[in-house]
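Take a look at the structure below.
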2 protein chains.
Amino acid sequence: MKQSIHLYKASLFKSLAHPLRLAILDALRDGEKTVTQLQELTSGEQATISQHLTILRNHHFITFRKEGNLAYYRNEDPEVYIFLDLGRQLYERQLNRYREEIDAQVVRR
Amino acid sequence: MKQSIHLYKASLFKSLAHPLRLAILDALRDGEKTVTQLQELTSGEQATISQHLTILRNHHFITFRKEGNLAYYRNEDPEVYIFLDLGRQLYERQLNRYREEIDAQVVRR
DNA sequence: TTATAATATACGAATGATCTAATATTTGAG
DNA sequence: CTCAAATATTAGATCATTCGTATATTATAA
């Protein structure tokens, strides 16, 4: 049955379906960052960031190394960016469609 | 900054992050289906299906036509399938691991 | 007109996700 | 050892999503 596939895929999408987690992944596009740096880049609370990092780690999108008392996080699966970028295309197509609708309405008057 | 993009993308992912909605989209791969057919294919409750159809409609992934008292739903944005398939391909290894976990849980009940 | 089938909607209950605040852990400095 | 900085974890409160049940709507048939 395909139900387990749908469950898995749903959990995959869910893990990406949060603005802060997307911001974190974007911030890690150009190499590793400490938690503090991620806090500054995304303007999220310390505990909140840490929790979202855990979620992304659990899904193997990111990993980290410890150096002293700093944790350097980095992307673990570059293909997630292909995925995110394709999501961007979807977004843009829908935006264009929406614009066309608006334009059509304006013309009709 | 990019916060609104992240918000939008998150809502996009969220709209796909449900097993039943994924099942519906899959069922519509080979052409239009009535709500009753979708109910049978996905074994979801009538009201539940209808609610999920509304969510997918709001995101312009699907649309429908009315014929008599039947509603024929169909895909509105083929690119969503490229997106769904990419997710599948890229994470198949993880999927297998996860599927084993789920199946093990199902068997246990 | 009444009845029935197909679908949609409304709304509260249940469930799940996220945030906040407090506390714990680890490391290095002094 | 004690302290401070960085990060993680926990518990409860809050918020969002989903589901179940009931009701509404619409089209058709009788």
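Lettering of chains follows the sequences in order, A, B, ..., and the numbering in each one begins at 1. The structure presented is a predicted model; accordingly, all values stated were derived computationally and were not measured.
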_Residue closer to the 5' end of DNA chain C, A:Ile55 versus A:Lys66 (nearest nucleotide)_ = A:Ile55
*asked:* Can you say whether a donor on the side chain of A:Gln46 sits under 3.5 Å from an acceptor on the base of C:dA21, or the other way round?
replied: no
*Starting at the 5' end of DNA chain D and moving along, which residue's nearest nucleotide shows up first, A:Ala47 or A:Asn69?*
A:Asn69
*Does some side-chain heavy atom of A:Asp26 sit less than 4.5 Å from a side-chain heavy atom of A:Thr42?*
no
*Roughly how many Å is it from CZ in B:Phe64 to P in D:dA27, rounded to a whole number?*
12 Å
*Side chain of A:Arg57: nearest nucleotide among C:dT7, D:dT18, D:dA8?*
D:dA8
*For the residue pair A:His18 and A:His52, categorise the inter-ring angle as parallel (less than 30°), tilted (30 to 60°) or perpendicular (more than 60°).*
tilted
*asked:* Rounded to whole Å, how long is the line connecting atom NE2 of A:His18 with atom P of D:dA16?
replied: 11 Å
*asked:* Under 4.0 Å, counting only non-hydrogen atoms across every strand here, what does B:Thr36 touch: a base, just sugar-phosphate, or nothing?
replied: sugar-phosphate
*Whole-Å gap separating P (C:dA17) and CZ (A:Phe13)*: 16 Å
*B:Arg65 CZ to C:dT7 C1', straight-line distance once rounded to whole Å*: 15 Å
*Would you find a donor on one side and an acceptor on the other, under 3.5 Å apart, between the side chain of A:Asp77 and the backbone of A:Ile62?*
no
*Using whole Å, report how far CG of A:Leu56 lies from P of C:dA17.*
15 Å
_For atom NZ of A:Lys14 and atom P of D:dA16, their distance in whole Å_ = 17 Å
*Please give, in whole Å, the distance from D:dT18 P to B:Ile49 CD1?*
14 Å
*For A:Glu40 and D:dA5, give me the distance from atom CD to atom P, rounded to whole Å.*
15 Å
*Give a yes or no on whether a salt bridge exists between B:Arg29 and B:Asp85, defined as a side-chain N under 4.0 angstrom from a carboxylate O.*
yes
*Nearest to the side chain of A:His52 - C:dT18, C:dT7, C:dC11?*
C:dT18
*Could you work out which one of D:dT9, C:dC11, C:dT20 sits closest to the side chain of B:Gln51?*
C:dC11
*How are the rings of B:Phe64 and B:Tyr73 set relative to one another: parallel (under 30°), tilted (30 to 60°) or perpendicular (over 60°)?*
parallel
*Could you check whether A:Tyr72 gets within reach of a base, just the sugar-phosphate, or nothing at all, counting any heavy atom under 4.0 Å?*
nothing
